[in-house]
Structure formats: structure tokens, C-alpha cells
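Below is one structure, written out as C-alpha cells; the observations come after it.
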There are 2 protein chains.
Amino acid sequence: MVNRTNGGANLLALRSHNATLVLDLLRGAGEEGISRLELAERTGLTPQAVSKITARLREEGLAAEAGRRASTGGKPRTVLRLVPEAGHAVGVQLDRDEVRAVLVDLTGRIVAERRAGVDLGSAGADAAVDAVVREARPLAGGVRAGALLGVGVALPGPLDHVRGVLHRVTGFPQWEGFPLRDAVAARLDVPVVVDKDTNAAALGLAVAGEGEGPEEAARSFAYLHLATGLGAGLVIGGAVHRGARTGAGEFGHQVIQLDGPRCTCGDRGCVEALCLAAVARGDLEEAARVLGAGASNLVGLLDIDLVLLGGRTVAAAPDVFVRGVADVLEARARREGAVGGAVPVRPARGGAWGVAAGAAQLVLGGVFGRHG
Amino acid sequence: MVNRTNGGANLLALRSHNATLVLDLLRGAGEEGISRLELAERTGLTPQAVSKITARLREEGLAAEAGRRASTGGKPRTVLRLVPEAGHAVGVQLDRDEVRAVLVDLTGRIVAERRAGVDLGSAGADAAVDAVVREARPLAGGVRAGALLGVGVALPGPLDHVRGVLHRVTGFPQWEGFPLRDAVAARLDVPVVVDKDTNAAALGLAVAGEGEGPEEAARSFAYLHLATGLGAGLVIGGAVHRGARTGAGEFGHQVIQLDGPRCTCGDRGCVEALCLAAVARGDLEEAARVLGAGASNLVGLLDIDLVLLGGRTVAAAPDVFVRGVADVLEARARREGAVGGAVPVRPARGGAWGVAAGAAQLVLGGVFGRHG
DNA sequence: CCCACTTTCGCAACGCTGTTGCCAAAGTGC
DNA sequence: GCACTTTGGCAACAGCGTTGCGAAAGTGGG
């Protein structure tokens with residue numbers, strides 16, 4: 001809850017904060033909905049305050065009443081729900097060989113999707129802008145005017161999330177310093193947000209409720225993505241952790257074998273090098289063990305609650321990887337005599353469209369207060 | 001800015017948030033002080049709001065006017081300063097062979113200190129409580145009634161910061177589950193906060209202004225402590241990151257040599273084992289290189305801004321360790337072509353009393369909003 | 001069927017927040 | 001000495017969540 005300028009908070013910021021909080025709870029309640037009193041309990045606000053806030057949201061068309069619960073001896077609670085059509089966002093995943101784009105509604109449900117094969121490896125940055133615009137525009141066209149909140153773009157490699165500028169994106173060396181966000185925004189004339197693909201995927205998973213315990217609100221997890229490379233998206237306290245230079249989650253080039261085999265990055269003994277080498281020679285168990293060692297380091301450093309695995313390589317043999325990583329984490333927990341047992345490991349849901357859907361959430365974060 | 005219960009914010013929370021923010025800026029300004037208008041700029045609040053807030057703080061005795069700046073062509077700005085005597089806190093560092101305790105004022109300045117050799121290795125938890133009380137009570141006695149805000153206790157190893165309960169503290173296996181916070185609070189009758197020693201040290205450094213750039217507010221850094229063990233305290237966005245189980249910062253048992261030499265923790269190839277082995281055989285360069293490899297992994301994962309080194313082993317040869325770690329980080333930055341150059345490495349200030357002083361900051365965090 | 005009771009939730013008055021408009025205070029500089 | 005700039009307090013204000021209260025909408029016992 002902060003004024004954008006600095007930490008100071010005024011009444012406008014207060015209202016926006018509480019409204020945002022209520023919207024996030026409404027989204028979390030999904031189709032089932034949530035009553036005013038439950039919102040009051042969950043937010044710590046008084047029921048009357050919640051009534052006023054939800055009245056405003058209903059006026060703005062963001063929320064609506066939807067039936068009522070069974071009575072418990074008195075007037076039954078009225079159920080409130082998010083109005084899915086009140087807002088839409090486009091999410092675009094830019095990859096070396098393809099572009100995926102989705103249109104989602106306020107609840108995050110995918111309403112439409114498009115996919116195109118491209119070859120951006122050798123193309124200039126303008127070609128990438130073209131590709132984004134080509135896929136995003138038809139999707140945006142299906143939305144009534146004013147209801148499109150923006151476009152989120154996710155792509156691999158170093159970039160500046162805040163300014164929306166690229167830095168030596170993996171596989172696209174000629175993009176250094178390219179202001180992708182502003183370029184796309186100028187073409188589409190809507191707000192644009194740019195982020196790393198792993199961050200987008202992690203945000204999508206966080207919104208989908210991963211890492212949220214039954215009691216506590218948003219918790220912390222790591223999403224490890226293993227495909228042509230190895231990267232991570234970190235969610236800490238329900239928000240994506242990017243670091244000052246959007247460089248956080250550089251998981252693949254974590255050294256776990258001092259003076260080990262040379263990696264493409266120039267260092268020696270990186271998880272990525274060891275893991276991919278094992279995959280290449282068909283030894284998935286070893287790949288999983290190596291991945292587990294890296295995950296174990298991460299779990300120890302950040303004390304996170306959950307590890308999610310994704311990416312094409314994992315998808316090809318999810319059980320092997322989940323089992324292998326879990327074994328390492330369980331061994332760690334046994335050594336430490338950890339209180340609640342080992343940190344759980346699961347395959348990430350979301351599939352091939354997970355990154356694009358997460359990219360759309362970069363935009364929706366402005367509504368629900370999960371900028372990350 | 002949140003209601004403690006949940007995310008919901010009311011006017012009380014708003015006021016407290018802004019007051020806390022202003023107090024933090026007053027503290028940051030130190031002896032030099034800060035004007036109302038400057039506070040307004042830094043917080044984003046209107047000058048009038050700052051006037052009202054500072055008026056309240058002056059009524060409560062927390063702030064006072066202290067001279068005025070030079071005129072720039074109009075009425076000169078009145079300088080405001082924190083009143084150091086308005087509040088005090090005691091910080092206690094509990095270690096295997098000694099107890100250090102300090103009394104600090106609101107600004108964090110150490111007003112008095114005590115130190116005693118003890119042997120807690122074989123003693124029960126009650127003996128530890130006795131030791132804390134024995135050192136803390138005389139310090140607390142020197143403060144006028146009501147001005148003592150509480151006692152912070154820092155000690156090594158796993159514990160639950162939120163509930164103040166110990167878990168198999170390193171070197172004190174018989175302390176499992178002991179409610180240290182409540183035990184000490186019952187004896188001293190003031191609020192008590194318990195945390196890991198590395199977290200306390202990191203908090204102390206954060207408050208002292210480490211990791212704060214000229215422009216941006218609080219940033220992120222890691223404090224690496226190398227003594228009889230190797231641990232870390234993480235400050236992310238100005239706040240100490242503890243994780244759900246106060247387990248974050250488990251830096252020493254990060255594996256950087258798969259299937260390497262056996263560590264005391266039972267795993268193989270931990271940074272701690274490799275680093276301490278190198279120290280034992282007098283090869284400080286290698287120890288520093290190993291430490292640097294671990295630090296490099298951490299920097300990559302979290303994208304932090306600064307690495308601070310501390311602890312007895314580092315203090316014995318600070319230049320060797322700083323140089324060695326910096327070399328590894330610089331090599332990393334060169335490989336990545338990092339935007340702003342390598343992450344800087346510095347020896348941590350604070351010295352032998354740093355942990356105790358940081359422990360006191362655990363209490364002062366309640367006033368200045370840096371709970372961590 | 002009626003009536004007491006429970007529970008939800010809106011209306012109205014309220015206290016308190018930061019904001020705005022205005023003006024006194026306190027300097028500089030021609 | 002007077003015009004000007006800058007600071008900062010006073011007073012009126014809009015808007016936030018809170019409190020007090022009552023209408024609405026159910027259940028359940030007689």
C-alpha cells in the first residue's frame with residue numbers, strides 16, 4: 001500500500017489498496033464467489049467498509065451479486081463474484097521459434113489464443129515488434145473498446161522490467177538496449193509490460209493459487225523451467241521477486257561443481273551445463289539429481305515453501321524429475337530435522353500456454369495489486 | 001502499510017504508516033536533521049500533511065526542531081531531528097562462549113555495553129535465559145521508566161522468529177522447542193524479539209544505511225558471516241528476508257561441489273566445509289574463492305546490489321576475502337556484460353558488537369517500520 | 001400460522017485522515 | 001525600505017473507514 005512516488009500513503013492510496021485487496025479475494029474465490037462478511041474477515045476491515053467498497057466495485061461493473069448461500073439461522077449471505085468481462089488482457093510469449101498469444105478475461109481464463117511459427121534468431125528487434133503486434137492485434141480486436149487493460153510480453157533473458165528495455169536477450173544479441181515496451185505500446189496504443197518468461201510463468205502460477213496454504217495468504221515458491229536452457233521464477237510472499245535489475249532467477253548458472261565442465265556462459269560447473277549434459281546422454285536420473293542439488297541450494301537460501309517444475313524437458317518425463325528433485329530435498333530435510341518435513345515438489349500446471357497466460361497477468365496485476 | 005491482521009488498511013494504519021515513514025527518514029538524516037519540505041518530497045505527501053505528522057511526533061517527544069538551514073531567498077527551512085532519548089532498546093547476542101549486550105537509543109547509537117564469558121554449550125535453556133536476563137537487566141535499569149521499548153535477542157541457528165521458539169540451535173541440541181521469547185519476556189516484563197544472529201547483523205547494517213543508493217531508497221544486500229560456521233543474512237528491498245520458517249540465509253550448506261568432501265551437516269561439498277577446510281590449511285585465497293563462488297550463486301539468484309563480509313575469520317584478513325570474493329563476482333559480471341558492472345564487495349562495519357546492536361534494531365523496527 | 005430470534009447489510013452521523021486555499025512569518029536582494 | 005521568495009500554520013473541506021441503529025430476510029419453536 002504505497003503511493004507510487006514514494007512510501008507516503010494518502011486517502012486515495014488507501015482506497016485503491018483496499019479495493020485492490022477485495023478484488024484479489026474476489027478473483028481467488030472464482031466461480032464460487034465470496035460473501036461480504038467473509039471479505040471482512042479476510043481483509044480485517046469492518047463489514048460496513050466492505051459493503052461500501054463492494055458497492056463501488058459493483059457501480060464500476062467489476063463485481064456483481066451472484067446468488068446467496070444457505071442460511072445458518074438468519075438472513076443468508078449474498079455471494080459476490082468478479083465480472084469476468086469487465087476487463088481483458090493480452091499476453092504474448094516471444095520465443096526463438098514461435099510466438100504464442102492469449103486473450104484472458106479478468107479472472108485469468110483464456111478466452112482466445114493464437115500461435116505462429118517465426119524465426120527471430122537472426123531477425124532484428126523490429127521483426128519481433130511486428131510479430132507481437134501481428135498476434136496481439138486480432139486478439140485485442142475482439143474486446144469491446146476500453147475493456148482492454150493492456151498487453152504483457154514475456155521473453156527469455158536479461159531485460160529491464162521497469163523500463164521495458166532489453167539487454168542481450170538470450171539468442172537475440174542484436175537487441176541490446178532495445179525499448180521493446182515503448183515500441184509495442186506505440187503500435188498498439190495500450191499499456192505494455194515486459195518481463196522475463198520465467199517471471200511471467202511464476203506469476204501465472206501464483207495467481208492460479210500455487211503456494212497458497214489453507215491458512216496463510218500468498219506464500220513463496222520457485223518455478224524451475226528446464227528446456228533449451230534452465231531458468232527460474234521466484235515468488236516471495238506472493239509477489240514475483242525480480243531484483244533491482246530484473247536479473248533474479250539466474251538459476252541455471254548457479255555453480256554446483258567447482259572447476260567442473262565448461263558451460264556456455266563461460267563459467268565452469270553450472271547447473272545448466274551439468275543438467276543438460278545429463279539429459280543429452282539420456283541419464284534423466286542424474287539430470288534430476290543435479291537439478292535437485294540446485295533446488296536444494298535455493299530452498300536453503302530463501303526458505304521457500306514449494307518447488308514447481310516446468311519446461312519441455314520436464315514435461316517429457318515429469319515423474320522422473322519430480323521424484324529426483326524431491327529425493328534431494330527430502331534428504332536435506334532429514335539431515336536438518338526440518339519441522340514440517342521436506343519442501344514439496346510438483347510439476348507446474350499451465351502447460352505450453354503458461355508463459356503467455358502469465359504475461360497477461362503482468363497487466364492484470366495492476367488491477368489486483370500483484371505487480372509482483 | 002498493512003493492518004497486522006490482514007492486508008486491510010484503515011485510517012489508524014494509514015497514520016501509523018506515514019508516521020513510521022517520517023520517523024525512518026528522520027533517523028536516516030541523523031545529526032544533520034531534515035526539513036519538513038524535504039520530508040514531503042521524500043514521502044510524496046503534501047507539506048501540510050508532513051507538518052501535521054511532525055507536530056504529532058513533536059508532541060509525543062519523538063522529534064524536535066533543531067536550528068534552521070541557510071535561506072535560499074525566502075524563509076529558511078526549519079530542521080527537524082529525532083530525539084535520541086525518546087526511546088531505548090536492549091540487544092543481546094547469545095553465543096556459545098559469551099554473551100554481549102548493548103543499550104542503544106532511538107538513533108541506534110550504543111549508549112552502554114556489557115560482555116560476559118559463559119559456557120552454554122552444555123547448559124540447559126534456563127541457563128541461557130539467566131544469562132540474557134543477567135546482562136540485559138542492568139542495561140535496562142539505566143533507562144527512565146517507559147522509555148525501554150524492548151529487548152532483542154540474537155543467537156545462531158534454526159529458530160522461529162515469529163513465535164520466538166528455538167529449533168535445534170547449532171551447538172545447543174537440547175533447546176529444541178524452547179520458547180525463549182516468552183521466557184525472557186516473563187522475566188523482564190518488556191516486549192522481546194528473537195532472531196538469528198546473521199539476520200540481526202544484516203538488519204543492523206541495513207539500518208546503518210548499507211545498500212542504500214543515493215537515489216533509490218533501501219535496496220538489497222547479503223551479509224556473509226564467516227567464523228566457526230558460515231551463514232548469511234539477506235536484506236531484500238530494505239527488509240530482512242527470513243522465509244516462512246525463519247530458515248532463509250542457509251548459505252553455508254549450499255552445495256558447490258557435487259559429491260565433494262563430507263560436511264558436518266551430512267551432505268557433501270557444502271561451501272562451509274570447503275571454505276573452512278581451506279582456512280584450516282591456511283589457504284585463505286582458496287577460502288575466499290570458494291566463498292566467492294557461493295556469493296556469486298546468491299547474487300545471480302536474487303540480483304542483489306551488494307555483498308558484505310563479516311565474522312572473525314574475515315576480520316583476520318579482510319583484504320584477502322574481499323579481493324577474492326570480488327574477483328569471482330567481477331568475472332561473473334564480465335561474462336554477463338552486466339549493465340552497471342560487478343556487484344561491490346565490502347567488509348561489514350559494526351565489528352564485534354554488530355550482532356548485539358542489530359538485535360536491538362529488531363525492537364526499534366517496531367518504531368521505524370523495518371520489522372524486516 | 002405467528003412470533004421471537006438470528007444474521008446480513010444499508011443508512012446516517014461521526015471522527016479522523018490528508019488536501020486545498022489562504023495568510024502570517026522570515027528571510028533575500030535591489 | 002520595499003518587492004519578492006519561501007516556509008509553514010490555520011481553517012475549511014472531501015473522503016476514508018467506523019459506529020450506532022434499523023430494515024430485510026431468513027430459521028425455528030409453539
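The chains referred to below are lettered A, B, ... by the order of the sequence lines, with proteins before strands, and numbering in each begins at 1.
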**Report entry** salt_bridge(Arg58(A), Glu65(A)) N-O dist < 4.0 Å
**Finding:**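 Glu65(A) and Arg58(A): salt-bridged.
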
Query raised in the report: Do NZ/NE/NH1/NH2 and the carboxylate oxygens of Asp182(A) and Arg163(A) come within less than 4.0 Å?
Result: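 Salt bridge flag = no for Arg163(A) with Asp182(A).
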
Distance, rounded to the nearest Å, where [X] contributes [atom1] and [N] contributes [atom2]:
| X | N | atom1 | atom2 | answer |
| --- | --- | --- | --- | --- |
| Arg77(A) | dG10(C) | CZ | P | 14 Å |
| Leu11(B) | dC14(C) | CG | P | 17 Å |
| Asn10(A) | dT17(C) | CG | C1' | 10 Å |
| Arg36(A) | dA24(D) | CZ | C1' | 13 Å |
| Leu45(A) | dC9(C) | CG | P | 15 Å |
| Leu21(B) | dG18(C) | CG | C1' | 14 Å |
| Gln48(A) | dT8(C) | CD | P | 14 Å |
| Leu14(A) | dC16(D) | CG | C1' | 6 Å |

Report which part of the nucleic acid [X] touches: base, sugar-phosphate, or nothing (heavy-atom distance under 4.0 Å, all strands).
| X | value |
| --- | --- |
| Pro76(B) | sugar-phosphate |
| Thr78(B) | sugar-phosphate |
| Leu12(A) | nothing |

**Report entry** Donor-acceptor under 3.5 Å (Thr246(B) side chain, Arg242(B) main chain)
**Finding:**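 No: the side chain of Thr246(B) does not pair with the backbone of Arg242(B).
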
Can you tell me if [X] touches the phosphate of [N], counting only side-chain N or O atoms and a distance under 4.0 Å to OP1 or OP2?
| X | N | result |
| --- | --- | --- |
| Arg15(A) | dG18(C) | no |
| Thr72(B) | dT28(C) | no |
| Ser71(B) | dT28(C) | no |
| Arg56(A) | dG17(D) | yes |
| Asn18(B) | dT17(C) | no |

What nucleotide, of [options], holds the atom closest to the side chain of [X]?
| X | options | result |
| --- | --- | --- |
| Ser51(B) | dT19(C), dT18(D), dG8(D) | dG8(D) |
| Lys75(B) | dG17(D), dG8(D), dC9(C) | dG8(D) |
| Arg68(A) | dC9(C), dA25(D), dG8(D) | dA25(D) |

Query - Residue mapping more 5' on DNA chain C - nearest nucleotide basis, Pro47(B) or Ser35(A) - result: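 The answer here is Ser35(A).
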
Query raised in the report: Given side chains that start at C-beta, do those of Pro47(A) and Leu37(A) come closer than 4.5 Å, heavy atoms only?
Result: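 Yes, close enough: below the 4.5 Å cut-off.
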
**Report entry** Separation between OG1 of Thr54(B) and CD1 of Ile34(B), rounded to the nearest 0.5 Å
**Finding:**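 Here the interatomic distance stands at 11.0 Å.
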
Query - Arg69(B) side, atom CZ; Arg77(B) side, atom CZ - distance, nearest 0.5 Å - result: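 Between atom CZ of Arg69(B) and atom CZ of Arg77(B) there are 8.0 Å.
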
Query - Whichever of Leu37(B) and Lys52(B) has its nearest DNA chain D nucleotide further upstream toward 5' - result: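 Between the two, 5'-proximity favours Leu37(B).
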
